[in-house]
Amino acid sequence: MTTTRHSTRPDTRNMVIIHQCFRTQFAALPSLVRSVPDGDAVRAGVLVDFMGELTTALHYHHVGEDEAMWPLLLERLDGDTSNILEMEEQHERIGELIDRALAQASAFRTSARDHRGELLAATLAELSIALNEHLDEEEAVALPLVEELLSVEEWAHIAEIGHASIPKDRMLVILGYILLSASPPQREFFLAQSPLMARIVWKLMGRRTFEADYRRVYGHPPTG
């Protein structure tokens, strides 16, 4: 199926950029957890909080799709819907892995023992693999259908469900993580879609706020 982007059809490029951020950060989590010194509960708490923020963002990202994307695609798709149903099932599997990771993270935060960290890291590695497979399929199959079958307003509603989950005091930090995973043209595009005030605040203080958060999580300044 071929689609063209114009003002009456959704532009899904922002979604791809957000997906890249999820891929990058979830892929980094296992090694971050494994790097925690045995018994260092403070460091474990930093990573568990970061993981919780990521999993919450991913959860609401998927809620938007579950509530407002899959039903419309299934209703309007003329033909085989098996791929859509498969992606719905992938959401369930990812949700199960998130629940397991959160339970393991709670125990890891308390003791920060190596064996608990290893259990959590293994689950996070499994989650990263499952997420990558899902996002790859979504970009290859679902997003072209979105551009063909959904309206601009319907697409904006889906995005808003995910955005609403981000606390206002964390928006600039999350923006920084999104931009970090993007290519220079993607960064320019993503910022151009943001409100003017958001772009101004990003330049004035957002970048510094993000870089401080990145150093807190990763232990070194961001590169790229």
Side-chain angles (χ1 to χ4, degrees), residues 17-67 89-135 161-182 205-224:
I17 295 169
I18 291 169
H19 282 180
Q20 289 173 193
C21 178
F22 281 135
R23 286 186 179 97
T24 300
Q25 299 309 318
F26 276 98
L29 282 175
S31 61
L32 284 173
V33 169
R34 290 186 173 109
S35 72
V36 173
D38 187 41
D40 189 342
V42 173
R43 177 62 180 159
V46 168
L47 295 182
V48 168
D49 287 343
F50 182 60
M51 188 202 84
E53 187 168 53
L54 286 175
T55 55
T56 297
L58 180 60
H59 168 73
Y60 282 99
H61 180 79
H62 284 174
V63 166
E65 295 173 350
D66 291 337
E67 293 183 353
E89 292 176 357
Q90 289 169 346
H91 275 195
E92 294 178 6
R93 173 58 177 158
I94 290 169
E96 292 170 356
L97 289 168
I98 288 175
D99 288 344
R100 189 205 303 170
L102 290 174
Q104 292 170 336
S106 179
F108 180 55
R109 178 196 289 274
T110 300
S111 70
R113 291 305 176 191
D114 284 346
H115 70 282
R116 294 194 182 279
E118 183 54 40
L119 288 174
L120 174 58
T123 298
L124 290 170
E126 192 176 348
L127 172 58
S128 178
I129 292 170
L131 179 61
N132 287 343
E133 291 175 351
H134 170 69
L135 297 180
I161 294 173
H163 294 162
S165 72
I166 303 173
K168 293 188 185 303
D169 64 348
R170 295 292 291 172
M171 285 185 174
L172 290 174
V173 171
I174 299 302
L175 174 60
Y177 282 104
I178 292 171
L179 296 177
L180 183 67
S181 301
M205 60 178 291
R207 189 185 305 275
R208 291 195 303 274
T209 302
F210 157 67
E211 289 176 352
D213 192 85
Y214 188 95
R215 285 193 296 271
R216 180 181 65 88
V217 172
Y218 281 87
H220 57 78
T223 57

Counting only pairs under 3.5 Å, give me each side-chain donor-acceptor contact of residues 173-181, with atom names and distances, residues two or more places apart or in other chains.
residue	atom	partner	partner atom	Å
Tyr177	OH	Asp213	OD2	2.9
Ser181	OG	Thr24	OG1	3.3

Inset, instruction - Could you tell me the separation between the CZ atom of Arg109 and the CD atom of Gln104, rounded to the nearest 0.5 Å? - result: 14.5 Å
Legend entry - Nearest-0.5 Å distance that lies between atom CG in Leu58 and atom CZ in Phe22: 5.0 Å
Legend entry - Arg113 CZ to Leu119 CG distance, which is reported to the nearest 0.5 Å: 14.5 Å
Inset, instruction - Side-chain contact test, heavy atoms from C-beta onward, threshold under 4.5 Å: evaluate it for His59 versus Val63 and give yes or no. - result: yes
Legend entry - Partner set under side chain to side chain contact (heavy atoms under 4.5 Å, CB included) for Val33, not counting sequence neighbours: Phe108, Leu120, Ala121, Leu124
Inset, instruction - Calculate, to the nearest 0.5 Å, the distance between atoms NE2 and NE2 belonging to His61 and His163 respectively. - result: 9.5 Å
Inset, instruction - State, yes or no, whether a side-chain contact exists between Leu172 and Phe210 at a heavy-atom distance under 4.5 Å. - result: no
Legend entry - Exercise: identify the closest heavy-atom pair between Ile17 and Ala182: CG2-CB, 4.0 Å
Inset, instruction - State whether the number of non-hydrogen atoms from other residues, nucleotides or ligands found under 6.0 Å of Tyr214 atom OH is greater than 12. - result: yes
Inset, instruction - Could you tell me the separation between the NE2 atom of His134 and the CD atom of Glu89, rounded to the nearest 0.5 Å? - result: 12.0 Å
Legend entry - For Pro221, side chain to side chain contact (heavy atoms under 4.5 Å, CB included) partners two or more places apart: Arg215
Legend entry - Partner set under side chain to side chain donor-acceptor pair (under 3.5 Å) for Arg23, not counting sequence neighbours: Asp136, Glu139
Legend entry - Where Ala27 and Ser128 come nearest, the two heavy atoms and their spacing: CA-OG, 3.6 Å
Legend entry - Residue pair Thr209 / Met171, side-chain heavy-atom distance below 4.5 Å: no
Legend entry - Donor-acceptor under 3.5 Å (Ser165 side chain, Ile161 main chain): no
Legend entry - Verdict with supporting geometry, Leu54 and Phe50, side-chain contact (heavy atoms from CB on, under 4.5 Å): CA-CA 6 Å; Leu54 286 175; Phe50 182 60; 3.7 Å; yes
Inset, instruction - To the nearest 0.5 Å, tell me how far Asp66 CG sits from His62 NE2. - result: 7.5 Å
Inset, instruction - Using the test side chain to side chain donor-acceptor pair (under 3.5 Å), find all partners of Glu53 that sit at least two apart in sequence or belong to another chain. - result: Arg170
Compile the donor-acceptor pairs under 3.5 Å between side chains in residues 93-102 and protein atoms, sequence neighbours left out, one pair per line.
residue	atom	partner	partner atom	Å
Arg93	NH2	Glu126	OE2	2.4
Arg100	NH1	Thr123	OG1	3.4
Arg100	NH1	Glu126	OE1	3.2

